[in-house]
Undergrad: 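My questions will all concern the structure given below.
First the proteins, then the strands, lettered A, B, ... as listed; each starts at 1.
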There are 2 protein chains.
Amino acid sequence: MSTERRSTRQRAALIEALGTSLRFRSAQEIHADLRDAGSPIGLATVYRNLQNLAADGEVDQVRAEDGEVRYRACGSGHHHHHLVCRGCGRTIELTAPDVERWSEALGAEHGFTNVQHTLEVTGTCARCS
Amino acid sequence: MSTERRSTRQRAALIEALGTSLRFRSAQEIHADLRDAGSPIGLATVYRNLQNLAADGEVDQVRAEDGEVRYRACGSGHHHHHLVCRGCGRTIELTAPDVERWSEALGAEHGFTNVQHTLEVTGTCARCS
DNA sequence: GCGTTAGTGATAATCGTTTTCATGTTACTC
DNA sequence: GAGTAACATGAAAACGATTATCACTAACGC
């Protein structure tokens with residue numbers, strides 16, 4: 001997966017910006033933050049690099065309810081899900097082995113192969129309510 | 001929920017078009033189908049009515065991987081999930097009581113209130129593989 | 001029928017994202 | 001170091017789904 005990528009200033013800045021945040025953020029948000037932080041970078045470059053990083057499994061992406069894609073550096077390279085606060089965006093990583101097994105079994109039961117699933121949990125965290 | 005809606009030819013045609021399909025379809029797809037079927041209807045009207053129907057709980061909407069929203073008339077008015085074929089779009093409704101309970105408990109455990117979740121399963125059905 | 005009011009639809013506007021393409025950088029070789 | 005091929009960048013334009021606008025039409029209650 002980890003196709004070889006050249007190391008550029010922009011890519012490094014992006015990775016750093018991702019590393020310091022625990023929230024899921026949109027490409028536009030990240031772009032603005034980088035600009036504000038004094039790292040001039042093109043919007044297209046942000047999009048491209050985020051896609052690369054996602055393809056290489058170095059960041060997670062989720063699609064918000066409004067259709068926007070949000071990104072976040074995730075600890076484990078393993079498959080996992082998220083519990084995201086709708087207020088502040090605070091995110092807790094989850095593993096759900098039962099769900100994994102359940103969806104597998106379910107696919108098989110209906111003759112489906114190559115089964116994947118998406119599962120995201122949202123709520124209002126203690127601080128925000 | 002079911003805000004009172006006036007009955008118009010366009011709304012009726014839309015509901016009928018939805019009723020005859022088992023697949024999730026995009027607003028654009030449905031619009032094209034209606035046009036082809038000889039039911040002139042504006043694209044904006046399709047969008048508006050689909051949103052109304054979704055708000056009234058008469059159709060389900062899911063967001064595809066490319067960000068497009070797809071609609072489908074669903075049998076039960078109850079909360080449920082879907083197993084969707086990535087090839088032909090054939091859809092099977094699922095209930096997952098374990099997942100419901102799991103996400104509830106999880107939210108509580110982390111101090112989250114008003115917990116919701118999205119869960120969609122995709123795969124390749126027997127016919128398509 | 002009549003008036004009120006929601007619904008319609010062609011079109012323009014929005015907005016996130018992708019593409020284009022000329023230019024700048026990187027990694028590699030000699 | 002200099003040369004260079006391939007990749008990366010970024011400003012601007014293109015794209016595509018969706019939403020807003022607004023003049024016009026049709027439902028509904030009387």
Undergrad: Could you tell me the separation between the CZ atom of B/Arg9 and the C1' atom of C/dT8, rounded to a whole number of Å?
TA: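 In whole Å, C/dT8 C1' lies 9 Å from B/Arg9 CZ.
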Undergrad: A side-chain contact here means heavy atoms from C-beta on lying under 4.5 Å apart; do B/Trp102 and A/Asp98 qualify?
TA: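 With C-beta onward as the side chain, the pair stays apart.
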Undergrad: Distance check needed: C/dT17 C1' versus A/Arg25 CZ, whole Å only.
TA: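 Distance, rounded to whole Å: 18 Å.
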Undergrad: May I ask you to evaluate whether A/Ser7 reaches the phosphate of C/dT26, defined as a side-chain N or O under 4.0 Å from OP1 or OP2?
TA: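 For C/dT26, OP1/OP2 do not have a side-chain N/O of A/Ser7 under 4.0 Å.
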Undergrad: Round to the nearest Å and state the distance from B/His31 atom NE2 to D/dT19 atom C1'.
TA: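 Interatomic distance, NE2 of B/His31 to C1' of D/dT19: 15 Å.
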Undergrad: I would like to know whether B/Thr122 and B/Arg86 meet side-chain hydrogen bond (donor to acceptor under 3.5 Å, both in side chains); could you show each step before the answer?
TA: CA-CA 6 Å; B/Thr122 60; B/Arg86 277 193 295 272; 2.6 Å; yes
Undergrad: Tell me yes or no: between the side chains of A/His117 and A/His79, is some donor less than 3.5 Å from an acceptor?
TA: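 A pair is found: one side chain offers a donor N or O, the other an acceptor, under 3.5 Å apart.
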Undergrad: Provide, to the nearest angstrom, the distance between the CZ atom belonging to B/Arg11 and the C1' atom belonging to D/dT25.
TA: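 Checked: the CZ to C1' distance equals 18 Å.
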Undergrad: Any donor-acceptor pair under 3.5 Å linking the side-chain atoms of A/His80 with those of A/Glu100?
TA: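 Distance-only check fails for A/Glu100 and A/His80.
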Undergrad: Check this one for me: any side-chain N or O of A/Gln10 less than 4.0 Å away from OP1 or OP2 of D/dG10?
TA: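 Checking A/Gln10 against D/dG10: at least one side-chain N or O falls below 4.0 Å of OP1 or OP2.
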Undergrad: With a 4.5 Å limit on heavy-atom distance, are the side chains of A/His82 and A/Asp60 in contact?
TA: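 SC-SC contact between A/His82 and A/Asp60 confirmed.
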Undergrad: Closest approach of A/His110 and B/Ile92, non-hydrogen atoms and distance?
TA: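 Closest approach of A/His110 to B/Ile92, heavy atoms only: CD2-CD1, 3.4 Å.
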Undergrad: OP1, OP2 of C/dA6 versus side-chain N and O of B/Thr8: anything below 4.0 Å?
TA: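 So the side chain of B/Thr8 is outside the cut-off, no N or O lying under 4.0 Å from OP1 or OP2 of C/dA6.
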Undergrad: Return the residues of residues 39-54 of chain A meeting this criterion: a heavy atom under 4.0 Å from some atom of DNA chain D. Order them by number, or give none.
TA: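 Within this stretch, A/Pro40, A/Ile41, A/Gly42, A/Ala44, A/Thr45, A/Arg48, A/Asn49 sit under 4.0 Å of the strand.
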Undergrad: Output the rounded distance in Å from CD (A/Glu4) to P (C/dC28).
TA: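 Distance check: A/Glu4 CD to C/dC28 P gives 7 Å.
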Undergrad: Is a donor-acceptor pair below 3.5 Å formed from side chain B/Arg6 to base C/dT5, judging by atom type as modelled?
TA: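 Yes.
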Undergrad: Expressed as a whole number of angstroms, how long is the span from A/Arg5:CZ to C/dA27:P?
TA: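 One finds 14 Å between P of C/dA27 and CZ of A/Arg5, rounded.
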Undergrad: Over how many whole Å does the gap from B/Asp66 atom CG to D/dC15 atom P extend?
TA: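 Nearest whole value for this atom pair: 18 Å.
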Undergrad: Assess whether side-chain hydrogen bond (donor to acceptor under 3.5 Å, both in side chains) is satisfied between B/Tyr47 and B/Gln28, documenting all intermediate values.
TA: CA-CA 9 Å; B/Tyr47 274 103; B/Gln28 314 254 5; 3.1 Å; yes
Undergrad: Round to a whole Å and report the spacing from CZ of A/Arg35 to P of D/dG10.
TA: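 So the two atoms are 8 Å apart, to the nearest Å.
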